[in-house]
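The chains referred to below are lettered A, B, ... by the order of the sequence lines, with proteins before strands, and numbering in each begins at 1.
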Number of protein chains: 2
Amino acid sequence: MRADAQRNAARLRTAAAELFGEQGLQVSLKEIARRAGVSHGTLYNLFGSREALLDEVVADLAATRLGEAARRALACPGAWEGFAGYVTEVCELQAVDPAMGDVLTRRFPDASRLMAVCDNSFAAAESIIERARLDGSLRSDFTASDLLFFFASHAPLARAAASAGSDAWRRGVSFMLDGLRAAAAKPIAVEPMSAEQINRLLMP
Amino acid sequence: MRADAQRNAARLRTAAAELFGEQGLQVSLKEIARRAGVSHGTLYNLFGSREALLDEVVADLAATRLGEAARRALACPGAWEGFAGYVTEVCELQAVDPAMGDVLTRRFPDASRLMAVCDNSFAAAESIIERARLDGSLRSDFTASDLLFFFASHAPLARAAASAGSDAWRRGVSFMLDGLRAAAAKPIAVEPMSAEQINRLLMP
DNA sequence: CCGTAACTTGACCCCGCGGTCAACATGTCT
DNA sequence: AGACATGTTGACCGCGGGGTCAAGTTACGG
C-alpha cells in the first residue's frame with residue numbers, strides 16, 4: 001500500500017469515527033469523505049463499503065466499551081447491582097454516543113467483526129442475567145432477548161434526550177429496573193423472541 | 001369545488017389513510033398520489049402539505065381510538081387496572097397500526113387538529129395517571145411525560161415486532177408495568193422532562 | 001531521472017424525495 | 001352550444017443519497 005493511500009485511509013478512519021460518533025452509523029459516506037478532505041471515490045476505493053469501515057472503526061471501540069461494562073458487572077459483588085449497573089451503563093453509552101446506540105440498535109450483517117462484537121455482548125449479557133437470576137434478585141422470566149429489545153427501543157429517544165441536555169432517559173431505566181426485581185414480578189403469558197428474530201428485526 | 005376535484009380528494013384521502021396505516025405518517029406524498037391514481041401535482045393542489053392531509057385523514061381516527069382507550073380506562077372500576085389497561089391498549093395500537101404509532105411518536109406542529117388530539121390525549125393520560133396515583137396503586141413519581149416517553153421509545157420496535165408476527169413487545173410492557181406499581185418503586189433522582197421538552201424531542 | 005504501477009479525482013449514472021408551474025383538459029353556468 | 005373558471009397533468013427544479021470509472025496524478029523502484 002502506497003504511503004499516500006495509507007494517509008488517506010487514516011484520515012478517512014478518523015473522519016468516520018467522528019461522524020459515527022456524532023450522527024450514528026448511517027451517516028452518508030460522501031459526508032465522511034468530505035470531512036476527511038478526500039474524494040468519495042477514494043473512500044470506495046480504500047474501503048468499498050460502509051460495513052468495512054464499521055469493522056475497522058467501530059468494532060474495536062464497541063468491543064472494549066461493552067466488554068468493560070460487562071466485566072465490571074460480573075466483578076460487582078452483588079449480582080443485582082452488577083446487573084442494574086450494566087443496564088444503566090449501557091443505556092448511558094447509548095444516550096451519549098450515537099455510534100454505541102446504533103451498535104445495539106441496528107444490525108449490519110456484512111460487518112463481520114461488528115457482528116461478532118454483538119454476539120459476544122449478547123453472551124456477556126446472558127451471563128450477567130443468569131447470575132442475577134440464580135441469585136434470586138432478578139425475575140426468572142427475564143431473558144437476554146428481553147434486554148436487547150429494551151436496549152433497542154431505548155436508544156433513539158435516549159440519544160435525543162441526551163443531546164437536548166436531559167437525563168430524563170434515566171427515569172425510564174429506573175422504572176424498568178424496578179419491574180425486573182424478582183419481588184415485583186407478575187407472571188407473563190407471552191414468549192420472548194429468539195436472538196435471531198430480534199436480529200432480523202434490527203436489520204436495516 | 002368541482003365534482004372531479006371532490007372525487008380526487010376522496011381518492012387521495014383513502015389512499016393516504018391506507019398508506020399511513022401501512023407505513024406510518026411519513027410516506028412519500030408522491031406515493032400517495034400514485035396509489036390514488038392521480039398526479040402528485042393534484043395532491044399539492046388539493047391539500048398543499050402532508051400536515052393538511054394528516055389533519056383530514058388521521059386526526060379524527062386517532063381522536064376516537066385514543067379517546068375510546070382513555071374512556072375505557074376511566075370507566076374501569078379499578079384505578080390500577082384502568083391505568084394498566086390503557087397502557088397496554090395504546091401499546092397495542094402502536095404495534096398494530098403504524099399511523100397510531102407515529103401519532104404518539106412524532107410531532108407535526110403544522111397539523112393543528114392532530115396536535116390538538118395529542119394534547120387531549122396527554123390530558124387524558126394525566127387523569128388516568130392521577131387516579132391511579134391517588135388510589136395508591138401507581139407509584140407517585142410517575143408522570144404523564146414519563147408515559148409519553150415510554151410510548152415514544154416503544155412504538156418503533158413494537159411495530160417491527162408486530163409486523164414480524166410477534167407479540168413480544170407485550171413483555172416489555174409488562175416489565176414496565178411491574179415497575180410502576182407503588183410497591184415496586186425505588187426513589188429516582190432525575191426530574192421528568194416537561195411536556196414541551198418531549199414535544200420538541202419528537203419533532204421531525 | 002524516468003517509467004510504471006498504484007492511487008485519486010470528479011464527472012457521471014440511477015434513484016427518490018419535496019415542490020412548482022405553464023400548458024392543457026374538463027366541468028359548469030348561462 | 002359556447003366560454004370561462006376550475007382542475008389536472010407531467011415535465012422540470014434542486015437536493016442528496018449510493019455507486020462507478022476513464023482520465024489524470026503521484027509515489028516509488030530501478
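- A 4.5 Å side-chain heavy-atom check between A:Ile32 and A:Leu53 finds at least one atom pair inside the cut-off.
- Rounding to whole angstrom units, CZ of residue B:Arg11 and P of D:dG7 are separated by 16 Å.
- Between B:Tyr44 and A:Gly37, the residue anchored closer to the 5' end of DNA chain C is A:Gly37, taking for each the nucleotide with the nearest heavy atom.
- Distances shown here put a side-chain N or O of A:Asn45 below 4.0 Å from the OP1 or OP2 atom of C:dT8.
- Electrostatic pairing of A:Arg170 and A:Glu92 counts as a salt bridge here, judged by a charged N lying under 4.0 Å from a carboxylate O.
- When rounded to the nearest whole Å, the span between CZ of B:Phe47 and C1' of D:dT8 equals 14 Å.
- Rounded to an integer number of Å, the gap from A:Asp110 CG to D:dG18 P is 16 Å.
- With salt bridges taken as basic N to acidic carboxylate O contacts below 4.0 Å, none links A:Glu68 and A:Arg65.
- Residue A:Arg34 places at least one side-chain N or O under 4.0 Å from the OP1 or OP2 atom of D:dG17.
- Per the geometry, NE2 belonging to A:His40 stands 15 Å off P belonging to C:dC14, to the nearest Å.
- We find that CG of B:Leu29 is positioned 16 Å from P of D:dT9, with the value rounded to whole Å.
- Near DNA chain C, defined here as any heavy-atom distance below 4.0 Å, the residues from residues 1-10 of chain A are A:Met1, A:Arg2, A:Asp4, A:Ala5, A:Asn8, listed numerically.
- Across all strands, B:Ser28 comes closer than 4.0 Å only to sugar-phosphate atoms, never to a base (heavy-atom distances).
- Side-chain contact check for A:Glu31 versus A:Leu19: some heavy-atom pair is nearer than 4.5 Å.
- Two residues, A:Thr42 and A:Gln26, neighbour DNA chain D, and the one matched to the more 5' nucleotide by heavy-atom proximity is A:Gln26.
- The existence of a salt bridge linking B:Glu196 and B:Arg200 is excluded, since no basic side-chain nitrogen approaches an acidic carboxylate oxygen closer than 4.0 Å.
- Spacing between atom CD1 of A:Ile32 and atom P of D:dG17 amounts to 11 Å, rounded to whole angstrom units.
- Evaluated for a ring-ring contact (aromatic ring centres under 6.0 Å, His included) with B:Phe175, the options A:Phe175, A:Phe142, A:Phe149 yield exactly one hit, A:Phe142.
- A donor-acceptor contact under 3.5 Å is formed by the side chain of A:Lys30 with the base of D:dG19.
- The 12-atom threshold is not exceeded at CD of B:Glu191, counting heavy atoms of other residues, nucleotides or ligands nearer than 6.0 Å.
- Atom C1' of nucleotide C:dG19 and atom CG of B:Leu43 are separated by 11 Å, given to the nearest angstrom.
- Rounded to whole angstrom, the span from the CG atom of A:Leu46 across to the P atom of C:dC7 amounts to 8 Å.
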